[in-house]
Amino acid sequence: MRHRSIHWFRKGLRLHDNPALLAATRDCTELYPIFILDPWFPRNMRVSANRWRFLLEALKDLDENLKVLNSRLFVVRGTPAEVFPVLFRKWKVTRLTFEVDTEPYSKQRDAEVECLASEHDVQVIQKVSNTLYDVDRVIAENNGKPPLTYVRMQTVLASLGPPTRPVQAPTPEDMSDCCTPWKPAYEERYGVPTLEELGQDPESLGPHLYPGGESEALQRLDLHMKRTVWVCNFKKPDTEPNSLSPSTTVLSPYVKFGCLSARTFWWRLAEVYRGKPHSAPPVSLHGQLLWREFFYTAGAGIPNFSRMEGNPVCVQVDWDDNAAYLKAWSEGRTGYPFIDAIMTQLRTEGWIHHLARHAVACFLTRGDLWISWEEGQKVFEELLLDADWSLNAGNWQWLSASAFFHQFFRVYSPVAFGKKTDKNGDYIRKYLPFLKRFPAEHIYEPWKAPRSVQQAAGCIIGRDYPKPIVVHEVVRNENIQRMKVAYAKRGPPSTVDAKEPGQSALKKSRKRAAAAATPSVADIFTKITKSGKN
DNA sequence: ATGACCGTTGGCAAA
DNA sequence: GTTTGCCAACGGTCA
């Protein structure tokens, strides 16, 4: 049978290592590559102009690369539920292909689309290519539960062997029997929209540091993989959060949108490592891809992963509701220059170093402001070019000591932490230029500078820049005590027998479930095991 | 089963 | 300038 195929791009905005796209081209007479853009979406969810720009550039690049294959990208306006029945009929579609997406929202959406496809006699092909491994296999291999520690994750992955090798991009030969019917009128109807069409103000864009798209991603990858000594010595904790240009690859936005395949990245690293001594997970570049895998697996297997309530791995904390503190944090007006410089870089450039994320995340939550990690998650979701649902939720739980990481007495200092790698405060001077004339000894704590120094610097604290909204040395200690209380309410740690949840496991989790008003862990993991087997 | 071990990236003072 | 031990003390994993 010769097919008329739709390949549906969602993440995975690339031609390389795209097995679902390849499947679409097999025995195919007509290929329709589509991306669905819901024009109402921006009203429901805050996404920065920077992030929209990255997406639109990725779509533009995809369209250009498809043109080389004699094809085009159709950017379809609407929702999947509205759009697919129309397209199935209009294009007489017989096959729909897309990449597996493991996020709960996506799984539900894709299940609905599968139903629509079946109603229209459209065959559906899904391929794993966003993650290194099939997350369901990882969960199954770990007795039906996502690994909760990195060491455990490594053990499980070791038993699965190295990730699948990436597949090649479609070649003109792959496309020789297959065409994309494109008409000039489609330029307006199915073209890549402008920021204005999405209701975004181009004036609010920051500097154009990280152009979106597969072409840019592969160039950046090549550039970094040539630095073999640097790649082999890479240790994440040794890189600097406050260097004036990024101390890491900044490939994360490209991996998030799938402009760069994680598997392609993994195998390129393996080539660089081969025959040479090199760093290892968790700190190596391979290790960074495994962190992504770790949180993707957690996000797929743990219910309510982006929330505190109903999330069985998340400590239930009595976070404060403090709109003024939250606003000050998100707008870079806490009075702590290191924190405010990071938040300014985030807002203007859309990317900050991982350790900088640690500093501001700790400050917002358990360190200083005692505001829920869910609020920080929303701000990162809006502003980070690389905001990825599972990673964002997982890392916020980590930093707030709500899950995965539990040594809540280790608190980052908003003053001392940055000094370790930037004694002179050049990073602060760059992002908070009104502080740049403070001497190095006062730049991290300008409120302690004598009035004469503030006058000489041309910046009076309390007038031109806020005084600190909290006293770190005081709230830090109070917050550690509050964390102690939250952990004490947790009750005994629950153990889960995945094969056959026994009485003891149920009894143990009952106390905690009652206290937290959440379903028992054993019940949840039983459900996961069952659904994972079908 | 119970205890020991250890965890990507803390801060600080003392040596 | 680097290394060490203390602060007060977490949970998941594994033997």
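Here is how names work: the chains are called A, B, and so on, in the same order as the sequence lines, proteins then strands, and each is numbered from 1.
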Interatomic distance where [atom1] belongs to [X] and [atom2] belongs to [N] [whole Å]:
| X | N | atom1 | atom2 | answer |
| --- | --- | --- | --- | --- |
| A/F408 | C/dG12 | CZ | P | 13 Å |
| A/K423 | C/dT2 | NZ | C1' | 14 Å |
| A/H406 | B/dG7 | NE2 | C1' | 10 Å |
| A/N242 | B/dT9 | CG | P | 18 Å |
| A/F234 | B/dT9 | CZ | P | 15 Å |
| A/I342 | B/dT9 | CD1 | C1' | 14 Å |
| A/N477 | B/dG10 | CG | C1' | 13 Å |
| A/W398 | C/dC10 | CH2 | P | 18 Å |

Quick check on B/dG11: is either OP1 or OP2 less than 4.0 Å from any side-chain nitrogen or oxygen of A/K420?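 Answer yes for this pair, as a side-chain N or O of A/K420 is under 4.0 Å from OP1 or OP2.
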If you compare every side-chain N and O of A/R476 against the phosphate oxygens of B/dG10 (OP1, OP2), does one of them come in below 4.0 Å?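 So the side chain of A/R476 is outside the cut-off, no N or O lying under 4.0 Å from OP1 or OP2 of B/dG10.
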How would you label the contact of [X] with the nucleic acid (heavy atoms, under 4.0 Å): base, sugar-phosphate, or nothing?
| X | answer |
| --- | --- |
| A/V283 | base |
| A/F404 | nothing |
| A/K419 | nothing |

Could you please name the option among C/dT13, C/dC10, B/dT9 that lies closest to any side-chain atom of A/Q407?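 My answer, after comparing the listed nucleotides, is C/dC10.
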With the side chain of A/T149 defined as its heavy atoms from C-beta on, choose the nearest nucleotide among C/dC14, B/dG10, C/dG12.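 Nearest to the side chain of A/T149 among the choices is C/dG12.
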Return the orientation label for the A/H286 and A/W266 ring planes: parallel under 30°, perpendicular over 60°, tilted otherwise.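 Rings of A/H286 and A/W266: parallel, as their planes differ by under 30°.
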How far does the [atom1] atom of [N] sit from the matching atom of [M], given to the nearest Å?
| N | M | atom1 | result |
| --- | --- | --- | --- |
| B/dA1 | C/dT13 | P | 16 Å |
| B/dG11 | C/dG11 | C1' | 22 Å |
| C/dG5 | B/dT8 | P | 22 Å |

Mate of C/dA8 where both pairing distances stay under 3.5 Å, Watson-Crick or G-U: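 Partner of C/dA8: none.
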Who pairs with B/dA14 - Watson-Crick or G-U, where each distance is under 3.5 Å: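 C/dT3 is the nucleotide pairing with B/dA14.
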Count the heavy atoms of every other residue, nucleotide or ligand shown that sit under 6.0 Å from CZ of A/R227, and state whether that count exceeds 12.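 Buried by this count: over 12 neighbours within 6.0 Å.
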Ring centres under 6.0 angstrom apart (A/F54, A/Y254):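 When the ring centroids of A/F54 and A/Y254 are compared, they turn out to be within the sub-6.0 Å range.
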Do you know which two heavy atoms are closest between A/A262 and A/N130, and how far apart they sit?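 Closest heavy-atom pair between A/A262 and A/N130: CB-O, 4.1 Å.
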Identified side-chain contact (heavy atoms from CB on, under 4.5 Å) counterpart of A/V100 within the set A/T131, A/V128, A/V135, A/D136: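 Option passing the side-chain contact (heavy atoms from CB on, under 4.5 Å) with A/V100: A/V128.
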